[in-house]
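Have a look at the structure below, then the notes.
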Amino acid sequence: MKYGFNKEIYTALEAITEAQKIAFAPILFQAIMCMKNKGILSSIDQSGKIGINLEDLTKKVSLSPYAIELLLDVALSMRVIYQQDSNYILGKIGHFLLHDKMTEVNLNFSQDICYQSMFFLQEALEKGEPSGLKVFGDGKTIYPMLQSLPEQAKKSWFDFDHFYSDHAFPAVLPHIMKLNPKHVYDIGGNTGKWAIFSAKHLPETQVTILDLPEQISVAKENIKKSGFEDRIDGIGVNVLETDIFPNQADIWWMSQFLDCFSSDQIVHILKTIHRSMNDDASVCIMDLFWDRQNFEAGALSLNASSLYFTCLANGNSRFYHSKVFYQCLNEAGFHVEEDIDGIGFGHTLLICKKR
């Protein structure tokens with residue numbers, strides 16, 4: 001098994017240290033957010049390899065010496081910074097917390113979307129429903145509520161979602177271009193990012209977005225701004241409540257979409273596509289599988305993000321192991337013609353045909 005998940009890797013002393021990191025994780029997380037927000041980490045970063053002492057740091061940060069020293073001690077224990085003589089210097093972890101875009105979107109997503117809601121995780125797991133969603137209001141899933149989230153939460157949600165897809169779109173485009181699509185159905189097209197991107201790069205292709213009416217409304221505004229109203233249209237549909245789709249497409253595209261559903265729901269959606277599509281059409285699924293990540297950090301990020309699906313999204317979805325998608329595709333009557341890893345930040349593209 002990848003990532004060393006098939007063996008114990010810690011000594012007892014290392015293990016009890018890791019256990020304390022978990023025990024205090026919510027507290028430590030908030031301490032780091034404070035250090036970022038109040039400019040402590042950036043002030044230390046600006047001091048370079050010489051570092052900065054507490055007295056000089058106090059002149060730059062609008063917190064008391066007590067508060068700053070407390071946070072510095074926490075950061076030392078977390079090895080976010082290190083100390084030489086009286087000066088504090090930014091460590092590699094601190095560098096990534098400050099400058100790595102992926103870490104930034106993950107931090108903000110955790111803080112603004114997940115943090116308060118995760119108090120209800122056990123309830124969500126027991127009931128199989130998104131119990132943490134009550135933090136933002138009443139709803140069965142988060143998706144119809146996305147546009148009404150508080151502004152900072154909405155920004156962090158879309159920043160998180162778009163960061164990964166934006167890096168994957170240019171990488172996956174050559175694979176889609178090879179299929180020479182005439183009409184693409186973008187199922188779960190959300191705000192229209194892929195539809196607009198593909199319209200820009202596939203000048204002979206028509207795109208139709210199929211998504212919830214609330215999302216189609218937002219997508220149409222973005223399509224109008226992009227000037228592609230003549231080549232992109234949208235159909236409001238709940239994919240779980242329909243048994244048939246229109247059948248004009250030769251490519252049925254789904255990007256980071258099927259992970260929003262339970263395995264039974266995925267099979268329902270795939271069977272509806274299978275029932276609706278032409279025999280020579282292709283189904284292209286771009287998604288993230290935790291077992292396909294090159295690095296342990298990728299697998300950790302996806303498994304942690306899966307808890308968002310449990311607690312907030314709908315209570316029964318997640319980032320899956322790739323074998324689950326293979327089982328769903330097989331049950332729905334598809335076979336995988338091409339299986340391409342390493343797209344963008346860890347996406348996989350599955351190009352499928354009817355059996």
Side-chain angles (χ1 to χ4, degrees), residues 127-130 133 139-147 176 179 181-195 198 205-220 223 232-289 309-310 313-320 322-337 349-355:
K127 294 183 176 178
E129 59 187 41
L133 194 53
K140 293 182 178 179
T141 75
I142 196 171
Y143 304 109
M145 300 169 61
L146 288 176
Q147 298 303 326
I176 303 303
L179 300 173
K182 300 293 186 296
H183 196 150
V184 174
Y185 279 176
D186 182 4
I187 303 180
N190 206 340
T191 58
K193 293 271 286 186
W194 166 259
S198 57
T205 303
Q206 190 76 23
V207 183
T208 300
I209 300 172
L210 287 80
D211 207 332
L212 294 169
E214 297 91 339
Q215 301 308 114
I216 293 295
S217 176
V218 176
K220 283 188 172 179
I223 293 163
I232 306 174
D233 62 351
I235 299 174
V237 61
N238 185 329
V239 296
L240 298 179
E241 296 178 355
T242 185
D243 291 320
I244 196 76
F245 293 126
N247 70 340
Q248 301 301 309
D250 51 349
I251 298 291
W252 295 66
W253 164 260
M254 288 173 279
S255 171
Q256 291 181 203
F257 179 64
L258 291 177
D259 53 41
C260 301
F261 301 95
S262 70
S263 56
D264 288 343
Q265 291 170 333
I266 292 172
V267 171
H268 169 81
I269 295 166
L270 291 172
K271 282 184 173 179
T272 303
I273 294 172
H274 190 281
R275 188 180 304 119
S276 308
M277 67 190 283
N278 297 319
D279 289 343
D280 58 349
S282 298
V283 174
C284 297
I285 300 169
M286 187 174 74
D287 225 306
L288 292 152
F289 302 117
F309 288 102
T310 306
N314 60 5
N316 57 15
S317 59
R318 57 167 300 176
F319 288 118
Y320 290 93
S322 58
K323 69 180 181 184
V324 175
F325 268 40
Y326 266 76
Q327 291 166 352
C328 292
L329 285 161
N330 182 58
E331 189 173 342
F334 290 100
H335 73 274
V336 178
E337 280 203 338
L349 174 65
L350 303 176
I351 301 177
C352 313
K353 288 280 195 180
K354 279 184 175 180
R355 273 203 309 274

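Everything numeric in this text was worked out from a predicted model, so none of it was measured.
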State, with a plain yes or no, whether a side-chain heavy atom of [X] is found less than 4.5 Å away from one of [Y].
X: K353; Y: H335; value: yes
X: Y320; Y: C328; value: no
X: P130; Y: T141; value: no
X: R318; Y: T310; value: no
X: P246; Y: I235; value: yes
X: I187; Y: I273; value: yes
X: V283; Y: M254; value: yes
X: H268; Y: D264; value: no

- Test L133 against K140 for side chain to side chain contact (heavy atoms under 4.5 Å, CB included), laying out the working first. CA-CA 8 Å; L133 194 53; K140 293 182 178 179; over 6 Å; no
Of all the heavy-atom pairs spanning [X] and [Y], show the shortest one and how long it is.
X: S263; Y: V324; result: CB-CG1, 4.3 Å
X: A332; Y: V267; result: CB-O, 4.3 Å
X: S276; Y: N247; result: O-CB, 2.9 Å
X: F334; Y: L270; result: CE1-O, 3.4 Å
X: G188; Y: D211; result: C-OD2, 3.3 Å
X: A249; Y: A281; result: O-CB, 3.9 Å

- Task: Begin with the C-alpha distance, continue with both residues' side-chain angles, and end with the deciding distance and a verdict on side chain to side chain contact (heavy atoms under 4.5 Å, CB included) for I176 and C284.
- Result: CA-CA 8 Å; I176 303 303; C284 297; 4.0 Å; yes
Got a second to check how far [X]'s [atom1] is from [Y]'s [atom2], nearest 0.5 Å?
X: I209; Y: N190; atom1: CD1; atom2: CG; result: 9.0 Å
X: W252; Y: I269; atom1: CH2; atom2: CD1; result: 12.0 Å
X: T205; Y: H183; atom1: OG1; atom2: NE2; result: 9.5 Å
X: F257; Y: D287; atom1: CZ; atom2: CG; result: 10.5 Å
X: E337; Y: L350; atom1: CD; atom2: CG; result: 12.0 Å
X: N238; Y: L210; atom1: CG; atom2: CG; result: 11.5 Å

Indicate yes or no for a side-chain donor-acceptor contact from [X] to the backbone of [Y] under 3.5 Å, with no hydrogens or angles considered.
X: Q265; Y: S262; result: yes
X: N314; Y: C260; result: yes
X: T242; Y: V239; result: no
X: K354; Y: H274; result: yes
X: D250; Y: P181; result: no
X: K127; Y: G315; result: no

- Item | Name of the residue among F289, F319, F261 meeting ring pair (Phe, Tyr, Trp, His ring centres under 6.0 Å) with F325 | F289
- Query: Are the ring centres of Y185 and F245 closer than 6.0 Å?
  - Reply: no
- Any idea how W253 and W194 line up, ring-wise: parallel (<30°), tilted (30 to 60°), or perpendicular (>60°)?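 The arrangement is parallel - the two ring planes meet at less than 30°.
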